[in-house]
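Below is one structure, written out as C-alpha cells, with a few remarks after it.
Just so we're on the same page: letters track the sequence lines, and every chain starts at 1.
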Amino acid sequence: MPGRVVVDQANPGAHLTRIPIPGISTATDSSQASVKGKVIKKGPLVSLGDEDFVLKAVIEDEESVRSSSSRNGSINVILFGGLAKDFSEAVSLGEVVVMTGFTVGKSPTAHKDQLHPCNLLLSGDDACLYVLRSLSPSVSPSPTAPKRSSASEVSKPAKVSKYTYVPLADLKPGAVVNVYGVVVFFKQPYKTRGTDYCSSLKITDQSNQKVVCTIFCEKLEDHPKIFQLGDIIRMHRVKTQAFGGSINLLNTFGFSVVTFDGRPESAVVPRTSSKSFHFEPEDERAVNELRTWAAKQDLLPTTPRVHLSSVQPQSYLDLDCQLLWKAQVDGACILLKVWDGTRCTHPLQDFTVEASAIQGPSSLSRERSDLAVNILVFDNHAEIAKQFKPGDYLRIYNLHATTGASSVPCSSGGSGANQLAFHLHGGTSYGRGVRVLPDDCPAIQELRRVMECFPEDDIFNESAIMEIWGTPPETLDDARGCCATERRCDHALQQVTLAEVKQSVPGQLFHVSAQLKSYQPRPLYQALKLHCPMCRAIQEIPDDDLLSETFLEASKAPGRIAEPWLLSESLLLPGDGPKAPGRTLSIHLSKELFGERKSKDLIYVTGATLEDVCQLAAAYQYILPVMPSGGSASLMDLSAPFLFRGNKRYYGCKQCSQVSVKELKVDGSEEINEEMIAEAVGVKLLQYCLVLKLELQQGRDTLEVLLWRDAETFFQVSLEEVAANQEAQNKISKTMDFLCPPGRSIAKQPWLDLCLSTYTVKADGGPNRVCYQVCQTSTTATPP
DNA sequence: GGTTAGGCTTTG
C-alpha cells in the first residue's frame, strides 16, 4: 500500500538496494534504495490543517552505531500527510523501520543537531514505511530465555537484546549487572561528606528479593528520579557488593538510570536526564510486567495522600503543594509558604518574617492566604530549598505536623500549645526530604484541579503588564531541528503546536518550537522597567533629562541640614555667567561611619546636579542625595533614584515607601549594602524587570507571548547590570538581532525551543484574558 | 577508575 505505514510485512523492500545510513548522500538514487533504522526520536504530529500533517523523527543505523563512532549514523526523517499521521499512531520509539520511495534532501539542522548532513523526506504515493515487529519478544529478566521472532522480522535470526537484566535473587557478589526493580524505600539524594550526593533506596522484583542500592553522583540530575514508593527503576551497570550478610548494589562506571511511574494504568514515560538512553519495546513490557506483579503484592504501605484538610496533629505525612513564597529564617532554616487548595482545620502557629526577606509575592489574594500554611525546613533540606522558586510544585516527604511552642527566630510566640506547625526536620531518616515535582506529573495535575477553584495570583501584576500593550492576537508547515534557545526546565512534556497551546485550558505548561516573527518594544531599552515586589506596580525608568531637572529643582530647596549625627562640609561652586549662577554643594558624612572608618562607604549630598552625583560616585561607594526640610534631611522626589553606587541607580516605590532619613546604624564588621540604606531611609526598593512581547511563528500560525519573569534566565544577564552598563544592554540587543534578524526572511531565522506557561489574567471589569509566558528557557547560541 | 553510606524520625 503506497504512501502508508505497513506493519508486519515479511522482508520489505527486498528488491531494492539497502543503503546504510552513513552511506546516504544527495546523489543516492532513492528510487532504487531502501533505508533501515531504529526510531530513536519521534516528534509530535504537527497539523497543517485540512487533514495535512507533518512529523519529524530520527532513525539510527544500528550496524554503524555498533561498528564505528560515525556521526552520520543517525538521520532526520520528515514524514508528510497521512504517512505522518499513521507513523504517529503506529510506530513506537525503539522500533525498527524500513523506508522506500523517499527523497534525499540537505538537512538544514545538521550543524546544530550533529546528525547526518542529509535528511529523508517521505511524501506522496511512492513513499512507504515498514515497521519490523517481533510478535513475542522475550523480556523475561532471565538472561537465558531465548527470543522468538515473527515472520516479519527481516533481519536475520532473532538478535538478543543488548541488555540482560539479572533477577535480584540471582545477584552474586563482585559482578557488574543491569537490574529492574520496584522501589520499596528511598531517600531523596543528600549531600555526603565526600564530593557526591547519595541516593539510598531499596528495590524488589518478581524474585521477591529486596536489595539496598546506593547511588553516588556529583550532580543531582543524574540521580534516579524517584517520586514515590512503587516507582519502577531500571539501572545499567551497577556493581554487587556483599555488606552485612546481604548483597547491595552500587553504581559504577557508565551507570545509567531510568525510572517510571509504578501504577499499572499510567503511561510508560521514562524519567531520565540522559539525552540518549537505550529504550526498546521490551523495556515497556518489562515495566508493565513489574507493575502488574507489584500491584498484586502487599509491598507498599497504603498511606493515602494527605491534604492539608486531613492533617492530624503529631503525625508524619507526605504533602504535595505549591510554593507561594519563601524566606530565609537563619542559616539553617527556611520558611516555605505553601498551599494545596484545601484548608487545614487546626489552628496554625504564626510566624513573622521581614517583608524584605520574602522571595515571591508576599501579598496573596484573600482566598490563597486563607489556605496557605508555613513550613519550616531545616538543615540539609534548607540547602535544597534554596533552589526552589515561587510557583514550584513540591512533594515533601515525612513532614512533621507538630504542636507545642516553637522557639525558632521567626516564631511570633503567642499562646500556641495547641497550634499546629509543620517541620521538615534535618536528616534523612524515614526518607525525609523535599523535591520539586514536574508540572506534568499526575499528582500535580490533580493538585491543580483543586487549586483552579481559587483565583490566580501572580508574582507580578499581570494586568499592569497587559495595560502596557493591548491584547494578544490570532492565526503551520515545515518540520525542523533546533535551536537558538533551550529549555532549562525538567518537565517531561512532548512538543505541541501553537494551535494546541491556544486551544488548551489555561494554567498549564507547554513545550513548543517556534520562530520569532517580531517583538516589542522598539527601541529595546524601553523593555527595561521598574517593579515593586510589594505592591507589584510597574513603572518606567526616567531618562537623564528628566532626572537632571529633578536634581535642579531639589538643589533650589531653601535652608540647611543640621542633623546632629551628620558632619557637613559645603563647597561654593563659582557660576558661569547669569544663566549658570554659582551654587552650594554640601557633603554630609555620618559621624558613626566616620568613627567606624567607613567614611568612604556612604555620603549624603545636597545641592548636587546629576553630573555631580555621577562624579562623586567614582570616589565614594554609595551616594544618597538629600535636601533640607526644616533643618532635617529629606529625600528628593522618588521619581529620581534615591541612591547611587558606581553606575548603578536604586529607586524606591512611591506608594510603599515611608520616607524618613534616619542615621544608618552599622556594626563594625558589617558591609554596608543598599538594603540597609533603603531601610534606614524608609524606602521600599524597586527591582529592575524586563518586559518583552514576542510574536512567535510556527508555519502559518502565530502566538503572542510575554517574556519577563524569566528574562534574566533567558538572556543570562543580571538586569541590575543591564540597567547600569552598556555591555549587558548590547548582549540583549545582539541576542534579539540573532533571534529575529532585521531584514531576513522567516525561513532563514533560527528556531526556538521554548517552555510556555498559560494563565488567566483578571482584568478589572473586563473579561478574563488568557496570557502566555516564556519560562525556564535560555538562549544557547552566542550571537557573533 | 576513586571517597561518600551502609534506611528507622528533631529536639528547631
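OP1 and OP2 of B:dT3 both lie 4.0 Å or more from every side-chain N or O belonging to A:R193. OP1 and OP2 of B:dA5 both lie 4.0 Å or more from every side-chain N or O belonging to A:K187. One finds no side-chain N or O of A:Y397 lying less than 4.0 angstrom from the OP1 or OP2 phosphate oxygen of B:dG7.
Checking B:dG12, B:dA5, B:dG6 against every side-chain atom of A:T192, the shortest atom distance belongs to B:dA5. In the set B:dG6, B:dC8, B:dT11, the nucleotide with an atom closest to the side chain of A:Y430 is B:dC8. Of the candidates B:dA5, B:dT3, B:dG7, the closest approach to any side-chain atom of A:L250 belongs to B:dA5. Among the nucleotides B:dA5, B:dG12, B:dG7, the one closest to the side chain of A:H425 is B:dG12. Here B:dT9 is the nucleotide among B:dT9, B:dG12, B:dA5 with the atom lying nearest to any side-chain atom of A:S429.
Pairing each heavy atom of A:F422 with each of A:A401, the nearest pair is CE2-CB, 3.9 Å. Counting all heavy atoms, side chain and backbone alike, A:Q359 lies closest to A:P390 at O-CG, 3.6 Å. For A:D340 against A:H307, the heavy-atom pair with the smallest separation is OD2-CA, 3.3 Å.
Aromatic stacking is marked for A:F185 over B:dG7, as both cut-offs hold: 5.5 Å for the centres and 30° for the planes. Evaluation of A:F378 against the base of B:dT10 yields no stacking contact (centre distance < 5.5 Å, interplanar angle < 30° required).
Atom pair A:I334:CD1 and B:dG12:C1' shows a separation of 14 Å (rounding to whole Å applied). Atom pair A:D330:CG and B:dG12:C1' shows a separation of 9 Å (rounding to whole Å applied). For A:N251 and B:dT4, the CG to P distance is 14 Å, given to the nearest whole Å. B:dT4 atom C1' lies 16 Å from atom CG of A:D222, rounded to whole Å. At whole-Å resolution of the value, CG in A:N248 and P in B:dG7 are 8 Å apart. One can place CG of A:N380 at 11 Å from C1' of B:dT10, the figure rounded to the nearest angstrom. If you take CG of A:L220 and P of B:dT4, they are 20 Å apart, rounded to a whole angstrom. Computed from coordinates, the A:H423 NE2 to B:dT11 P distance equals 11 Å when rounded to whole Å.
When only modelled atom types and interatomic distance are considered, A:Q314 and A:T403 share a side-chain donor-acceptor pair under 3.5 Å. A:N288 and A:R285 are not linked by any side-chain donor-acceptor pair at a separation below 3.5 angstrom, with hydrogens and angles left out of the test. In the model, A:Y316 has no side-chain atom that pairs as donor or acceptor with a side-chain atom of A:R432 under 3.5 Å.
Proximity of residues 171-182 of chain A to DNA chain B (heavy atom under 4.0 angstrom from any strand atom) is not detected for any residue.
Each of A:G426 and A:Y316 was matched to the nucleotide of DNA chain B holding its nearest heavy atom; the match closer to the 5' end belongs to A:Y316.
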Go ahead and write out DNA chain B as dot-bracket, 5' to 3': ( ) for pairs within the strand, [ ] for ones crossing earlier pairs, | when the partner sits on another strand, dots for unpaired; Watson-Crick or G-U wobble, both distances under 3.5 Å. ............
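Judged by a 6.0 Å distance limit and a 45° cone about the ring axis, A:R271 is positioned over the six-membered ring of A:F227.
Judged by distance alone with a 3.5 Å cut-off, a donor-acceptor contact links the side chain of A:K202 to the base of B:dG7.
Heavy atoms of A:R432 sit under 4.0 angstrom from at least one base atom. Within 4.0 Å (heavy atoms only), A:Q241 reaches at least one base atom of the nucleic acid.
Using a 30° and 60° split on the angle between ring planes, A:Y397 and A:F186 fall in the perpendicular class, above 60°.
Among residues at least two apart or in separate chains, ring pair (Phe, Tyr, Trp, His ring centres under 6.0 Å) pairs with a member in residues 356-383 of chain A are A:F378-A:H423.
Nucleotides B:dG6 and B:dT10 place their C1' atoms 22 Å apart, quoted to the nearest Å.
In this structure, the side chain of A:T240 engages the main chain of A:A175 through a donor-acceptor pair within 3.5 Å.
Of the listed residues (A:T195, A:N251, A:D196), just one forms a side-chain contact (heavy atoms from CB on, under 4.5 Å) with A:C217, and that residue is A:N251.
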